Novice: 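One structure, as structure tokens, below. Some questions next.
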Amino acid sequence: MRRSRIVVAVVLAALAALVGGVVFAYPSVAASTCPSCYGLREVADGVHADPGLDERRIVELVRAAEKRVADFYGGRRGTTRVLACSSEKCYSRIGGGKEKGIAVLNRTVMLSPRGLDVVIASHELSHVELRARLEAEVPQWFDEGLAVVVAGDRRYLTPEGGCLVEPTGPQPATLEAWLKADPGKYGRAACEVSRWLAANGGRDGLLRLVERANHGTEITQLLGRE
């Protein structure tokens, strides 16, 4: 009996150490699982904010971003938890960095105080929605460029979807390459995606790409990059 208790105690200690290690090394994962553990309160279904934010404003912002994504895709499949911070201290505490917003584990969107607007929220929600639909890996430039298009980000595209920056050379296909690329990468990727959508039937073309990729066709072939 005593030996059993010792074994149980050791297992519990190991689990506690494992959980503690995840919290320490990956606070964004832990915060995604337990927002209240990081001082965020649920202000609406799926929306969590720190006490410094206006509840009505943040809920309206998130709902507007969700609508923008749904309008583009013809509905939403992704189930998203949004964590919004009013201060850099809050954002750092939940694992954020210098970015305005980020999608975590394809199910949670974290917004910094610099990313509390519909465009940034829509951009990150677009990443979640694409992953909810697409089972295959997609080049990073396409994922990011599509998010710019879905969000209607006028820093990188005209109101008509025209290019502000011409693409030059191969686009970053991996996350590592994307992170190393210069800031002009968003404009170049958005331009390529905008042109691809225009040439392939817009949303319907994108949904066909998703369906064919999920049935085994290589993404590079569908994008004409072989």
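This structure is a prediction, so every number in the text was calculated from the model and none was measured.
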Novice: Hey, what do you get for CG (D45) to OG1 (T79), rounding to the nearest 0.5 Å?
Specialist: 9.5 Å
Novice: Do V193 and V148 make a side-chain contact, defined as non-hydrogen atoms from C-beta onward lying under 4.5 Å apart?
Specialist: no
Novice: As an exercise, state the distance from CG of L175 to CD of E137, rounded to the nearest 0.5 Å.
Specialist: 10.5 Å
Novice: Any side-chain to backbone donor/acceptor pair from E55 onto V43? Under 3.5 Å, distance only.
Specialist: no
Novice: Within the side chain of E129, is there an N or O that forms a donor-acceptor pair under 3.5 Å with the backbone of V69?
Specialist: no
Novice: Measure the shortest side-chain to side-chain distance between M110 and V104 over non-hydrogen atoms and say whether it is less than 4.5 angstrom.
Specialist: yes
Novice: Could you tell me whether a side-chain N or O of S32 sits under 3.5 Å from a main-chain N or O of S28, the two making a donor and an acceptor?
Specialist: yes
Novice: Closest heavy-atom contact between R188 and D182?
Specialist: NH2-OD2, 2.9 Å
Novice: Let me check something: do W178 and V128 share a hydrophobic cluster, defined by ILVMFWY side-chain heavy atoms less than 4.5 Å apart, either directly or through other members?
Specialist: yes
Novice: For R154, check side-chain hydrogen bond (donor to acceptor under 3.5 Å, both in side chains) against everything at least two apart and list the hits.
Specialist: none
Novice: With salt bridge (charged side-chain N to carboxylate O under 4.0 Å, His left out) as the test, would you mind laying out the steps for E66 and R63 before giving the verdict?
Specialist: CA-CA 5 Å; E66 291 173 340; R63 298 303 182 231; 3.1 Å; yes
Novice: Is V59 reachable from V119 through a run of I, L, V, M, F, W or Y residues, each pair having side-chain heavy atoms under 4.5 Å apart?
Specialist: no
Novice: Going through the checks in order, is the salt bridge (charged side-chain N to carboxylate O under 4.0 Å, His left out) test met by D143 and R131?
Specialist: CA-CA 9 Å; D143 192 0; R131 291 304 178 182; 3.8 Å; yes
Novice: Are side-chain heavy atoms of L146 and V138 found at a separation under 4.5 Å?
Specialist: no
Novice: Quick check: do F72 and V149 have side-chain heavy atoms less than 4.5 Å from each other?
Specialist: yes
Novice: How many angstroms lie between NZ in K100 and CG in L116, if you round to the nearest 0.5 Å?
Specialist: 11.0 Å
Novice: Is any side-chain N of the basic residue among D50 and R41 closer than 4.0 Å to the acidic one's carboxylate O?
Specialist: no
Novice: To check you understand the geometry: which heavy-atom pair defines the closest contact between R93 and P27, and what is its length?
Specialist: O-CB, 3.8 Å
Novice: Please report the C-alpha distance between Y91 and E99 in whole Å, then the side-chain angles of each, then the deciding distance to 0.1 Å, and finally whether the side chain to side chain donor-acceptor pair (under 3.5 Å) criterion is met.
Specialist: CA-CA 10 Å; Y91 194 59; E99 70 281 343; 2.8 Å; yes
Novice: Starting from the C-alpha separation in whole Å, work towards a yes-or-no answer on side-chain contact (heavy atoms from CB on, under 4.5 Å) for I102 and V109.
Specialist: CA-CA 6 Å; I102 192 170; V109 165; over 6 Å; no
Novice: Quick check: closest heavy atoms across A31 and I94, and the distance to 0.1 Å?
Specialist: CB-CB, 3.8 Å
Novice: If you round to the nearest 0.5 Å, how far is CZ of R77 from CG of L134?
Specialist: 11.0 Å
Novice: Sort and list the pairs that fulfil disulfide bond (SG atoms under 2.5 Å apart) and have at least one residue in residues 56-151, not counting sequence neighbours.
Specialist: C85-C90
Novice: Going through the distances and angles, do D153 and H123 end up as a side chain to side chain donor-acceptor pair (under 3.5 Å)?
Specialist: CA-CA 8 Å; D153 197 331; H123 183 111; 5.2 Å; no
Novice: Under a single-linkage definition using a 4.5 Å side-chain heavy-atom cutoff for Ile, Leu, Val, Met, Phe, Trp and Tyr, are V150 and L164 assigned to the same hydrophobic cluster?
Specialist: no
Novice: Quick one: do F142 and L223 satisfy side-chain contact (heavy atoms from CB on, under 4.5 Å)? Show the steps, please.
Specialist: CA-CA 9 Å; F142 190 83; L223 294 176; 3.5 Å; yes
Novice: Scan for disulfide bond (SG atoms under 2.5 Å apart) pairs involving residues 142-175, sequence neighbours excluded, and state none if there are none.
Specialist: C163-C191
Novice: Would you say Y38 ends up clustered with L105 if hydrophobic residues are merged whenever their side chains have heavy atoms under 4.5 Å apart, either directly or through other cluster members?
Specialist: yes
Novice: Does any non-hydrogen side-chain atom of Q140 lie less than 4.5 Å from one of E176?
Specialist: no
Novice: Could you grab the distance from atom NZ of K98 to atom CZ of R114, nearest 0.5 Å is fine?
Specialist: 10.0 Å
Novice: Considering only heavy atoms from C-beta outward, does the side chain of T108 approach that of T80 to under 4.5 Å?
Specialist: no
Novice: What are the two closest non-hydrogen atoms of N214 and R133, and how far apart are they?
Specialist: ND2-O, 2.9 Å
Novice: Roughly how far, to the nearest 0.5 Å, is the CD1 atom of I58 from the CG atom of L83?
Specialist: 10.5 Å
Novice: Do Y186 and W141 pass the ring pair (Phe, Tyr, Trp, His ring centres under 6.0 Å) test, and can you show the C-alpha distance, the side-chain angles, and the key distance before you say yes or no?
Specialist: CA-CA 8 Å; Y186 284 99; W141 67 266; over 10 Å; no
Novice: Applying side-chain contact (heavy atoms from CB on, under 4.5 Å), can you list everything that pairs with A121, at least two apart in sequence or on another chain?
Specialist: L61, A65, L111
Novice: Mind checking what makes side-chain contact (heavy atoms from CB on, under 4.5 Å) contact with A177, not counting sequence neighbours?
Specialist: P172, T174
Novice: Can you find a pair of side-chain heavy atoms, one from E144 and one from K185, that are under 4.5 Å apart?
Specialist: no
Novice: Do you know the tightest heavy-atom contact between R68 and A151?
Specialist: NH1-O, 2.6 Å
Novice: Which atom names give the shortest non-hydrogen contact between L222 and L209, and what distance separates them?
Specialist: CD1-O, 3.5 Å
Novice: Determine which pairs satisfy side chain to side chain donor-acceptor pair (under 3.5 Å) with at least one residue from residues 194-213, sequence neighbours left out, and list them in order.
Specialist: E166-R195
Novice: Kindly say whether G46 contributes a backbone atom to a donor-acceptor pair with the side chain of E42 at under 3.5 angstrom?
Specialist: yes
